[in-house]
Amino acid sequence: MKIQNIVMAIMISTSLGSVVSSCQQGQRDNPLLQESTLPYGAPDFSKIKTSDYLPAFEAAIQQNRDNIAAIVSNPDSATFENTIIAYEESDRMLDHVSRVFFALTEADRTSELSEIEKKVMPMLTELENEISFNMPLFERIRQVYDSQHDALQGEDKKLIEEIYKEFVRKGALLPDEKKDRMKAINLRITELQQQWGDTLLEATNNAVVWVDSEDKLAGLSAADIAQCKKDAESRGGKAPYAIVIVNTTQQPLLASLDNRDVRRQVYEASIHRTDGTGKFNTYPLVSEIAKLRAEQAELMGYPNYAAYSLEKTMAKTPENVYAFLKNLIAQYKPVADAETKAIEEFARQTAGADFKLEPYDRFYYSAKMKSQMLNISDDEIKSYFTVDSVLINGVFYAANRVYGLTFTERTDIPTYHPDMKVFEVFDKEGKPKALFYCDYFRRPTKRGGAWMDGFAKQSRRYGQLPIIFNVCNNAKAPEGKPSLLTWDEVTTLFHEFGHALHGILSDCNYNRLSGTSVARDFVEMPSQFNESFASIPEVFDHYARHCDTGQPMPAELKERMLKSINFHSAYALGENLAATCLDMAWHMLPASKVPAAEQAADFETEALQQVGLLDNQIPPRYRTSYFNHVWGGGYAAGYYSYLWTEVLAVNIADVFARRGALDPATGSDFCQKVLSRGNTGDLMQMFSDFTGMAQPDASGLLKARGLK
């Protein structure tokens, strides 16, 4: 059943569909329940009102129930068409309504939407429970699986495998008393994740550091100071300036702030946003979610949630994940320790021989060190990275050179926010391929981070072309000024568009299998690989142009800038490793061993200490209490996938480098063998078909990060 993925509302969603026009007579004026007249069936945000969502969910849920009832009551023997296909198509309307609604709760969440979500989430979970434990339905699915699986081929065979195994993994074969408990757990986790989403957004917005004087912002660029002023105004104006906290532990502005006390305030606001005893304390939610997940795994016969979750991934087992991580940690630690020592010694040259480097000092002195050693600063290069140029002349340009795609802006298609842009995507033959929406600027109603999703997934059976969007949290410049990006933000645009390409280039029959509907430790590969195009000379020269003059970045500055990419790169790997190990530690526990809320912080410390990653200087990218990927999203026991797929991405980038980084033939080969195929085949085989490698080679990861 696809509702579980909808409930999670994850950064990279699965199993989307297009709208079905039939609806109850009383709902015919609801635009969410009508066939859209816009190109591609895009949602018409000029007509959709907040009050439309709840009735649309009610009607779509009822239609889903009716469709399931029709499958179960069919007097004919179960067949692939009347059971598997009928089930696959049973929730098309609900799929559509959910996609539109959850896109807004993530990117433009109002109090009204939050209240609707509180009503909708239990409804969806109850429906999921009804379907997952509908034994007459499962018996029909099992009959088809047992009798036809071996005779089916291609996508048909993969579809029935996915559906049958999904029911089994959700507990269809459990005895009745365990099914009842599983239902109760599903409902409670839904409630807790709803609370998590509300609390984290409010906590992050509340963690603003108010600054009463521009002098205290010394070191920031004029654009950054203007953004702080704008952020203060949009958040009530308690002081003239506000430093907004982003979702990660470290905050980008710490690299520039001269005032050490302000740096300390910013860092502490970040790491303490959701701990302690206040109303934003998420530890009670974390503890209960972890315990319930562990109980789910135990009901299914697994020792812990990690073992249960990883079974359906490329890694397969926790032991394989830990072997992968321990190898990286062993090679990373000496480099990280040397990096920390070098930064502290550099700081003492100006701050005094007894200066003790704190985590809020690291970015600041690392940036100073980079400026001195490489003669370069972020402010010097940001003026060459405007959002529009990076998107049009970089991201789109690379996609055109490699995959033959072209992009035309559509100003006639309504969006849910005025900051958004919409582009129609055409293939190399000029045929319509997709719609692509981009929503790049931060606002108080948007959760932190960056992600890809879609209003509709590609499906040949439905005749549906993909409708994809990317969301980021970049600072928007004042009216009339260009919005500038850091190098990290540049690569984020390329990263998220890699996910978008996975959806745009999909060519599958079934909605369930298309696009990004792949294992978590494969889905990040196209995005991580797409980052490699950001620094390819031809692409870089095309988008790195001065915001005022339009001139390309001078060759000498470009050389210095590209050399600086991996400067002090141990930090980025270390914070990722630490977060990954926290995720694994929580989900390796049996239910009886999950710590209570008041013990959660100590558990985090012990978990990091055990793997050799308890490092005041390099804290986790996300601490337990604000780790949204794990507690609010779909990455439980799966955050390792960013590093795992980086290995795949490096291997694939090596193939492109050998054949020609922008070679259209290589791009076509990659599209045909990987990007277009969704989850229609074995993922390792797809990787091997393109690279010629039997297994991924992890040795290139540290080299690619500049650590070897």
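The structure displayed is predicted, hence computed values, not measured ones.
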Problem - Option from Q528, R520, E524 for which side chain to side chain donor-acceptor pair (under 3.5 Å) with T645 holds - result: Q528

Handout entry: Ring geometry between F540 and F385 (parallel below 30°, tilted from 30 to 60°, perpendicular above 60°)
Key = perpendicular

Practice task
Please report the shortest heavy-atom distance between A477 and P482, naming the atom on each side.
Solution key: CB-O, 3.3 Å

Exercise for the section: For the pair F396 and F436, name the ring-plane relationship: parallel under 30°, tilted 30 to 60°, perpendicular over 60°. Expected result: perpendicular

Handout entry: Heavy-atom pair of closest approach, residues L435 and P39
Key = CD1-O, 3.8 Å

Handout entry: Main-chain N/O of A534 paired to Y543 side chain as donor or acceptor, under 3.5 Å
Key = yes

Problem - Heavy-atom side-chain contact between F101 and L32 under 4.5 Å - result: no

Handout entry: Identified side chain to side chain donor-acceptor pair (under 3.5 Å) partner of K446 from the options N473, D108, D439
Key = D439

Completion exercise
Nearest heavy-atom contact between S514 and S517 is O-OG, 2.9 Å

Completion exercise
Closest heavy-atom pair, N509 versus S459, reported as atoms and distance to 0.1 Å, is O-OG, 3.0 Å

Practice task
To the nearest 0.5 Å, tell me how far N651 CG sits from E646 CD.
Solution key: 11.0 Å

Exercise for the section: On the 0 to 90° scale, with breaks at 30° and 60°, tag the Y639-Y642 ring pair as parallel, tilted or perpendicular. Expected result: tilted

Practice task
Determine yes or no for a side-chain-to-main-chain donor-acceptor pair under 3.5 angstrom, with N530 supplying the side chain and F494 the backbone.
Solution key: yes

Practice task
Report the C-alpha separation of H502 and T516 in whole Å, then their side-chain angles, then the decisive distance to 0.1 Å, and conclude whether the side chain to side chain donor-acceptor pair (under 3.5 Å) test is met.
Solution key: CA-CA 6 Å; H502 206 175; T516 57; 5.8 Å; no

Exercise for the section: May I ask you to decide if A42's main-chain N or O and S36's side chain share a donor-acceptor pair within less than 3.5 Å? Expected result: yes

Practice task
Could you walk me through whether F426 and F407 pass ring pair (Phe, Tyr, Trp, His ring centres under 6.0 Å), step by step?
Solution key: CA-CA 6 Å; F426 300 90; F407 303 81; 9.1 Å; no

Exercise for the section: May I ask you to test the V539-L662 pair for a side-chain heavy-atom distance under 4.5 Å? Expected result: yes

Problem - Distance-only donor-acceptor check, side chains N400 and T406, under 3.5 Å - result: no

Exercise for the section: Report yes if the side chains of L493 and N474 come closer than 4.5 Å at any heavy-atom pair, otherwise no. Expected result: yes

Handout entry: Value rounded to 0.5 Å, distance of CD in E161 from CG in D156
Key = 11.0 Å

Fill in the blank from the handout: Only one of N82, N134, T79 passes side chain to side chain donor-acceptor pair (under 3.5 Å) with R140, and that residue is N82

Exercise for the section: Taking atom NZ of K157 as the centre, report whether more than 12 heavy atoms of other residues, nucleotides or ligands fall under 6.0 Å from it. Expected result: yes

Exercise for the section: Kindly indicate whether the side chain of E58, heavy atoms from C-beta on, has any atom under 4.5 Å from the side chain of L54. Expected result: yes

Handout entry: D669/R659 under salt bridge (Lys or Arg N to Asp or Glu O under 4.0 Å): CA gap, chis, key distance, verdict
Key = CA-CA 11 Å; D669 192 34; R659 299 183 188 176; 3.0 Å; yes

Handout entry: Check: D663 and R401 side chains under 4.5 Å, non-hydrogen atoms
Key = no

Handout entry: Rounded distance [0.5 Å steps], CE in M93 versus CD in Q62
Key = 11.0 Å

Exercise for the section: Quick one: sort the F455 and F469 rings into parallel, tilted or perpendicular, breaks at 30° and 60°. Expected result: tilted

Handout entry: Pairwise side-chain hydrogen bond (donor to acceptor under 3.5 Å, both in side chains) hits with a residue in residues 674-687, at least two apart
Key = Q685-D689

Completion exercise
For P432 and Y40 the tightest heavy-atom approach is CB-OH, 3.1 Å

Practice task
Start with the C-alpha gap between S46 and D44, add the side-chain angles, then the distance that decides, and say whether side chain to side chain donor-acceptor pair (under 3.5 Å) holds.
Solution key: CA-CA 5 Å; S46 68; D44 193 342; 2.4 Å; yes

Exercise for the section: Provide the closest heavy-atom pair for V402 versus A661 in the form atom of the first, atom of the second, distance. Expected result: CG2-O, 4.2 Å

Practice task
Check whether NZ of the Lys or CZ of the Arg R545 lies under 6.0 Å from the centre of the six-membered ring of Y384 and within 45 degrees of that ring's axis.
Solution key: no

Exercise for the section: Mark yes or no: R92 above the aromatic ring of Y462, with NZ or CZ under 6.0 Å from the six-membered ring centre and no more than 45 degrees from the axis. Expected result: yes

Handout entry: Contact check, side chains of K421 and F423, non-hydrogen atoms, under 4.5 Å
Key = yes

Practice task
Quick one: sort the H149 and Y145 rings into parallel, tilted or perpendicular, breaks at 30° and 60°.
Solution key: tilted

Problem - Polar side-chain atom of T110 near backbone of L113 as donor-acceptor pair, under 3.5 Å - result: yes

Handout entry: Residue pair N67 / I71, side-chain heavy-atom distance below 4.5 Å
Key = no

Completion exercise
NE2 (H495) and CZ (F533) are apart, to the nearest 0.5 Å, by 14.5 Å

Problem - L124 vs F57 side-chain heavy atoms within contact, under 4.5 Å - result: yes

Practice task
Tell me yes or no: between the side chains of D91 and N64, is some donor less than 3.5 Å from an acceptor?
Solution key: no

Handout entry: Modelled atom types, side-chain donor and acceptor of N628 and W196, under 3.5 Å
Key = yes

Exercise for the section: Check step by step if salt bridge (Lys or Arg N to Asp or Glu O under 4.0 Å) holds for E424 and K431. Expected result: CA-CA 10 Å; E424 187 169 12; K431 295 178 182 178; over 6 Å; no

Exercise for the section: For the pair S114 (side chain) and S111 (backbone), establish whether a donor and an acceptor sit closer than 3.5 Å, ignoring hydrogens and angles. Expected result: no

Fill in the blank from the handout: From the list E155, K158, E88, side-chain contact (heavy atoms from CB on, under 4.5 Å) partner of R512 resolves to E88

